[in-house]
2 protein chains.
Amino acid sequence: MIISTKGRYGLRAVFELAKAHGQGTMSIKSIAEMQDLSEQYLEQIFSKLKGAGLLVSTRGAGGGYKLAFDPKDIAVGKVLTVLEGELAPAECVGDDAAQCDNVALCTTHVIWQRIYDGFNDVIYSITLADMVDDYQKMLSSKPQAKDVRC
Amino acid sequence: MIISTKGRYGLRAVFELAKAHGQGTMSIKSIAEMQDLSEQYLEQIFSKLKGAGLLVSTRGAGGGYKLAFDPKDIAVGKVLTVLEGELAPAECVGDDAAQCDNVALCTTHVIWQRIYDGFNDVIYSITLADMVDDYQKMLSSKPQAKDVRC
DNA sequence: TTTAATCTTGACAAAATCGGTCGGGTATAA
DNA sequence: TTATACCCGACCGATTTTGTCAAGATTAAA
Ligand code: FES
Ligand code: FES
């Protein structure tokens, strides 16, 4: 399993924020309930996302979190990268790729690089707005599902 | 880091077998030395690959391992999948994808699916023979590198 | 003002996974 | 017979994962 619960739960939670974007804040409690997550675990996750500047919060009664940007300006990859760290299959690819002086001979490097590129292409080509769009389409054509395992 | 040492070391070790394919067997000891790996750890790795039918072994003095098939018939993805388990980003995609009855509503499913597909496209499109070819080309054009970190 | 809601922070911890090691086997060529 | 090599399962320390717990700070609403 490549993506840990932090990334998976986080994405589901942020999706709720995206759906409700423009309608004020949502509390952790309500999101945890909707997506069936632990409140305290979700606190950790949102705290990280806030630290990365993706969310803004307001304290006190009636407060909560909301997206710092429009859903169409937040890539799924950004959310996942914040929560999971850099999604690189090996040390030699990613932001610190420069330190690999072995591209010359290491025949596996090209493999890690291609995996990394493909992965990032996918997650940065989908935005939260895309997810909301998909959701709307699904809603109109399919019945409600129950248990979530992702 | 998506790929653990089992997968990365294993691929490097199998690459040695691919280079020497057709020239009999190689001992774990010699491969461990060439690729600077622990012998005992490599035993575990090869044992798994043998169990999956990718390697064949001969015991006793002068024995060792060799590939069960021609390098061009072994995909990198096969090696990685045996060593890492199924490379799926979430439970709902992969071989047991059928059990996810939530494709309807779960908007993250399409993301996991696309990651999974992209990943597998990459690793199953490269064979051990491709790696050897790359290696030959690199050898003739570049100097020998030293430290390996993958 | 008081209260309740809500975010904030840091510590703690069980369980799983990772990255191996250890100690014995067994088969076989020399 | 002996050295070489594969075979196999148990074990083990460190780290990561997946949370829980407790206390506090801020603010809206009653
Ligand atoms: S050492 Fe950089 S990819 Fe192998
Ligand atoms: S429940 Fe199957 S992908 Fe979410």
Side-chain angles (χ1 to χ4, degrees), chain A residues 1-13 17 24-33 35-52 54-68 80 83-87 89-91 149-150, chain B residues 1-13 17 24-68 80 83-91 148-150:
Chain A
M1 193 92 70
I2 297 178
I3 312 284
S4 75
T5 53
K6 268 206 166 65
R8 302 204 312 280
Y9 294 0
L11 189 57
R12 277 163 54 199
L17 292 180
T25 65
M26 293 180 76
S27 69
I28 279 187
K29 188 173 182 176
S30 64
I31 295 177
E33 207 167 310
Q35 288 281 344
D36 193 29
L37 303 171
S38 146
E39 282 181 46
Q40 294 174 308
Y41 196 33
L42 191 51
E43 269 177 13
Q44 280 185 36
I45 292 172
F46 271 15
S47 172
K48 244 181 161 173
L49 291 171
K50 185 192 167 168
L54 261 55
L55 303 184
V56 291
S57 61
T58 47
R59 289 173 145 195
Y65 287 92
K66 63 174 181 175
L67 299 180
L80 291 180
L83 295 175
E84 299 282 322
E86 179 150 53
L87 275 334
E91 280 181 26
R149 288 197 313 278
C150 65
Chain B
M1 192 91 73
I2 297 178
I3 312 283
S4 74
T5 53
K6 268 206 166 66
R8 303 204 310 282
Y9 294 0
L11 189 56
R12 278 164 53 200
L17 292 180
T25 65
M26 293 180 76
S27 70
I28 279 187
K29 189 172 183 179
S30 65
I31 295 177
E33 207 168 311
M34 277 188 281
Q35 289 280 343
D36 194 28
L37 303 171
S38 145
E39 283 181 47
Q40 294 175 307
Y41 196 32
L42 191 52
E43 265 181 18
Q44 277 185 41
I45 293 172
F46 271 15
S47 171
K48 246 181 160 173
L49 291 170
K50 185 193 169 168
L54 262 55
L55 303 184
V56 291
S57 61
T58 47
R59 289 176 145 193
Y65 286 92
K66 63 175 182 174
L67 299 179
L80 291 179
L83 295 175
E84 299 282 321
E86 179 148 52
L87 276 331
E91 282 183 23
V148 179
R149 289 196 312 277
C150 64

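Order of the sequence lines fixes the chain letters, A, B, ..., with proteins taken first and strands second; residue numbering starts at 1 for each chain.
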task: Please tell me if the side chains of A:I31 and A:Y65 come closer than 4.5 Å, counting only heavy atoms from C-beta onward.
output: no
query: With a 4.5 Å limit on heavy-atom distance, are the side chains of A:L54 and A:L67 in contact?
result: no
field: Spatial distance of atom CD (A:E43) from atom NZ (A:K50) [nearest 0.5 Å]
entry: 12.0 Å
task: Check every strand shown and say whether A:Y65 touches a base, only sugar-phosphate, or nothing at a heavy-atom separation below 4.0 Å.
output: sugar-phosphate
side-chain contact (heavy atoms from CB on, under 4.5 Å) evaluation trace for A:T5 with A:R8: CA-CA 5 Å; A:T5 53; A:R8 302 204 312 280; 3.9 Å; yes
message: Please find the pair of heavy atoms, one from A:T25 and one from A:G62, that lie closest to each other, and give the distance.
response: OG1-O, 3.6 Å
Check residues 32-39 of chain B and write down every donor-acceptor pair under 3.5 Å in which the side-chain atom is one partner and the other belongs to a residue at least two apart or another chain.
from, atom 1, to, atom 2, distance (Å)
B:Q35, OE1, B:R12, NE, 2.9
B:Q35, OE1, B:R12, NH2, 3.4
B:Q35, NE2, B:E16, OE2, 2.7
B:S38, OG, B:Q40, N, 3.3
B:S38, OG, B:Y41, N, 3.0

message: Using whole Å, what does the distance between atom C1' of nucleotide C:dC7 and atom CE of A:M26 come to?
response: 15 Å
- request: Please check if atom NZ in B:K48 has more than 12 non-hydrogen atoms from other residues, nucleotides or ligands closer than 6.0 Å.
  value: yes
message: Under a 3.5 Å distance rule, please check whether B:E84 uses its side chain to pair with a backbone N or O of B:G7 as donor and acceptor.
response: yes
message: Of all nucleotides in DNA chain D that come within under 4.0 Å of a heavy atom of chain A, which is furthest toward the 5' end and which toward the 3' end?
response: D:dT18 to D:dA28
query: When you check every protein heavy atom under 4.0 Å of nucleotides 14-30 of chain C, what one-letter string (B, S, -) results, 5' to 3'?
result: -----BBBB--BBBBS-
